[in-house]
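The model shown is predicted, which means the values in this text are computed figures rather than measured ones. Below, all heavy atoms of this structure are taken into account, side chains as well, without hydrogens, waters or symmetry copies.
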Amino acid sequence: MVSALVKKYVGPVFVLLCVILALKEIALFVTPPCINSLNFTLTTITSERSARRQDRIKIPAEVFIKLNNRDRPLMSAVTNKVDFSDTFTGQRIKIWYGGRCIDADGDNKHLVVSHCNPDWDQTFSLTAEGKLIYDPTEQCAVINKDKPLALSLGDCNEAVIFNLYNESFIRTEMQGRTMCVSPTMQTDVHKANKYTCLYVPLALTECNEEDSRMELIEESFFKMERKAFVDSVAPDTGSCQFKACGLNPPAKAVEMLRPLYSTRCQKVFDCVTVITKTARRPYLVMRLAQSIRDKKVCLSVSWLVLVGYDLRVIAYDDGPNDYPPEVWDDIAKYPFLQYMIGESDDMGISLGRNLALKMVKTKYFLLVDDDHVFNDKTNLDKMIEILDTTDATLVGGKFEGFMKFAGALKFGEYHGRQEFAIFSGHCDRTLPQFGCEQCDSTSNIFMAKTHPVLEMGGWSEELLIAEHADFFVKMKAYGNKVVYCDDIEVINQQESPEERSKSYQKLRYDMGRKNRMFRLMNARYNVNGLFWCSEYEVINENELKCLETKHKIGYC
């Protein structure tokens, strides 16, 4: 009798208890403590360094907006009041468009365009009397007697008297005309030329909004912001012996962590925050957030329970904050989406990502673009597994349907000059235990350890776009190890040209803007060109020979 009752009731009761326990486990997994807050954050942010970046705001032709790198206030475009008495001491003068610096020639006789070399003293000072002094020799900028309007170095009693206009233009009055210090051409010093070939003369020309624009850089900020390049040492041997070649050696091999030194992630929500930079495209961000929700992962194999990630997402957008209420109503449907808006209408990808990264509280962050969509191969668990158990800093994947973008980054003497090369497809080592490779770079879909990326300064903020290669050069310079997994994907679901707004089209695809950003990228490492190599030959671990160039961006 008792035996029959046990058989009849104990089995179903046991199953019911298991179901209750499993449901409790699911609830704990998908319901973090803040789930009931159901709020979203709208914050208008003024970056602590917004006043350092001259290139965030387009300068109208009639009124220049005053913006510098020392956190001074903006000039009022209404009052049009300008202080002509500004002076500076011990500043590098960087040419705004091309990123190169003003320096003396080899004989210390003439002012020319030069690389911004951290190993040289290239600073200038502007006195209260308006004399522009080249600090290394304490000579002043004077008119070249053999080449009128070109600038030489000479006796300060003969100095040209300058004023600093909005901390961007070094001007003087000459024969009733306002003239600006500008880069020119070897054959003609009467016309400004923003394309800044090396060693061309500096001269007094008609002021031009772009060609004559300068940027003052404090020496301590310059060396901190370019620490990766500052600390590199030119090799003594091999075919590549200039300073940037010191960044060529690959990172050390990825190693497994001892169990004692590894902390395993128990819940994805507690370990990972998604960050993205958008440019006035909130509905793409919401599409991304929805795809994260819809991504199904197996919570319990025994119960075949599938749930979505629904992770914290921090999105940074350009200003102004003028979205209608219905947009914010839609954003409110995603309680873990923090949608931040900056004041500038063009803060740039790098600054936006850095601001988002500073808000991350989890040990890992996942970088995606706003037009990405998760699919069934967006394997965050594998990324976490690699970061939890190895000393790798970053794990990346690829875009569905695209070629392998991950590869090697090398500086060298290519095409008869110093250049930077991206060797897509070449990775240094394999990680057979994960079915992945160790590379110099991956696509813009990666998970990384938050602290090391913050420690290296994140992305370089002067690069409003074209920031990708520079980020991974810095990663390697800081000894951070990069892993690429071919079986991790996202969908890069771009808008069609017809769907893109005019403002986004200009920010992302304007050729003049892209050209300037690539020039700034090259100037950061004192090279004269950049190219992608599709076919190559391995010479040694530090040197690759390009056999076929795919895309080439060259400069004089």
Side-chain angles (χ1 to χ4, degrees), residues 115-119 198 226-255 391-394 396 398 403-432 436-443 456 460 466-484 486 518-519 521-556:
H115 287 307
C116 296
N117 195 321
D119 296 331
L198 284 171
R226 301 195 185 190
K227 188 175 186 303
F229 182 56
V230 169
D231 292 346
S232 65
V233 178
D236 294 328
T237 59
S239 62
C240 184
Q241 295 186 17
F242 56 93
K243 188 174 179 66
C245 301
L247 298 168
N248 279 344
K252 295 179 180 179
V254 171
E255 296 182 359
D391 62 353
T393 300
L394 182 152
K398 67 177 184 179
M403 61 171 283
K404 178 181 177 182
F405 185 79
L409 307 174
K410 301 291 183 185
F411 295 91
E413 296 282 353
Y414 304 106
H415 310 107
R417 59 185 181 182
Q418 298 175 3
E419 293 188 324
F420 175 61
I422 300 172
F423 293 87
S424 296
H426 178 77
C427 295
D428 298 301
R429 306 176 183 92
T430 59
L431 280 74
C436 301
E437 300 174 277
Q438 185 174 350
C439 312
D440 287 347
S441 68
T442 76
S443 299
M456 75 173 200
S460 299
E467 78 302 328
H468 187 88
D470 174 74
F471 175 84
F472 282 100
V473 170
K474 288 168 63 177
M475 284 286 291
K476 186 164 64 166
Y478 276 77
N480 294 320
K481 302 175 183 180
V482 174
V483 172
Y484 164 73
D486 192 65
F518 280 117
R519 286 175 180 272
M521 160 64 195
N522 279 269
R524 294 179 66 81
Y525 300 98
N526 292 352
V527 293
N528 302 322
L530 176 151
F531 66 93
W532 283 260
C533 186
S534 53
E535 293 186 22
Y536 53 86
E537 176 185 341
V538 179
I539 306 300
N540 54 57
E541 69 171 7
N542 297 334
E543 188 176 353
L544 301 172
K545 180 180 179 180
C546 185
L547 304 177
E548 183 175 340
T549 300
K550 188 174 182 182
H551 300 294
K552 184 178 177 182
I553 303 172
Y555 313 119
C556 52

Mind checking the [atom1]-[atom2] spacing from [X] to [Y]? Nearest 0.5 Å is all I need.
| X | Y | atom1 | atom2 | value |
| --- | --- | --- | --- | --- |
| Lys410 | Cys546 | NZ | SG | 13.5 Å |
| Lys227 | Ser232 | NZ | OG | 11.0 Å |
| Leu409 | Lys476 | CG | NZ | 5.5 Å |
| Glu437 | Leu431 | CD | CG | 9.0 Å |
| Leu247 | Asn542 | CG | CG | 11.5 Å |
| Asn526 | Arg226 | CG | CZ | 7.5 Å |

Does the side chain of [X] reach to within under 4.5 Å of the side chain of [Y], using non-hydrogen atoms?
| X | Y | answer |
| --- | --- | --- |
| Gln418 | Glu413 | yes |
| Asp440 | Cys427 | no |
| Met521 | Val527 | no |
| Leu394 | Asn480 | no |
| Tyr484 | Val482 | no |
| Val473 | Tyr525 | yes |
| Ser424 | Met403 | yes |
| Glu543 | Asn248 | no |

Please find the pair of heavy atoms, one from [X] and one from [Y], that lie closest to each other, and give the distance.
| X | Y | answer |
| --- | --- | --- |
| His415 | Thr549 | NE2-OG1, 3.6 Å |
| Lys552 | Arg417 | CE-NH2, 4.1 Å |
| Phe518 | Ala466 | CE2-CB, 3.9 Å |
| Lys398 | Ser443 | CA-OG, 4.1 Å |
| Cys240 | Pro235 | O-CG, 3.5 Å |
| Pro249 | Cys245 | CD-O, 3.9 Å |

- request: Please report the C-alpha distance between His115 and Asn528 in whole Å, then the side-chain angles of each, then the deciding distance to 0.1 Å, and finally whether the side-chain contact (heavy atoms from CB on, under 4.5 Å) criterion is met.
  value: CA-CA 10 Å; His115 287 307; Asn528 302 322; 3.5 Å; yes
Do any side-chain atoms of residues 529-536 form donor-acceptor pairs under 3.5 angstrom with protein atoms, and if so which ones, sequence neighbours left out?
| unit_1 | atom_1 | unit_2 | atom_2 | d |
| --- | --- | --- | --- | --- |
| Ser534 | OG | Glu548 | O | 3.4 |
| Tyr536 | OH | His426 | N | 3.3 |

message: Against the six-membered ring of Phe229, is Lys243 placed for a cation-pi contact (under 6.0 Å from the centre, within 45° of the normal)?
response: yes
- prompt: How about Phe405 and His468: are their ring centres within less than 6.0 Å of each other?
  reply: yes
- request: Give a yes or no on whether Lys404 atom NZ has more than 12 heavy-atom contacts from other residues, nucleotides or ligands under 6.0 Å away.
  value: yes
message: Any salt bridge linking Asp391 with Lys481? Criterion: basic side-chain nitrogen under 4.0 Å from a carboxylate oxygen.
response: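 Result for this pair is yes, salt bridge flagged.
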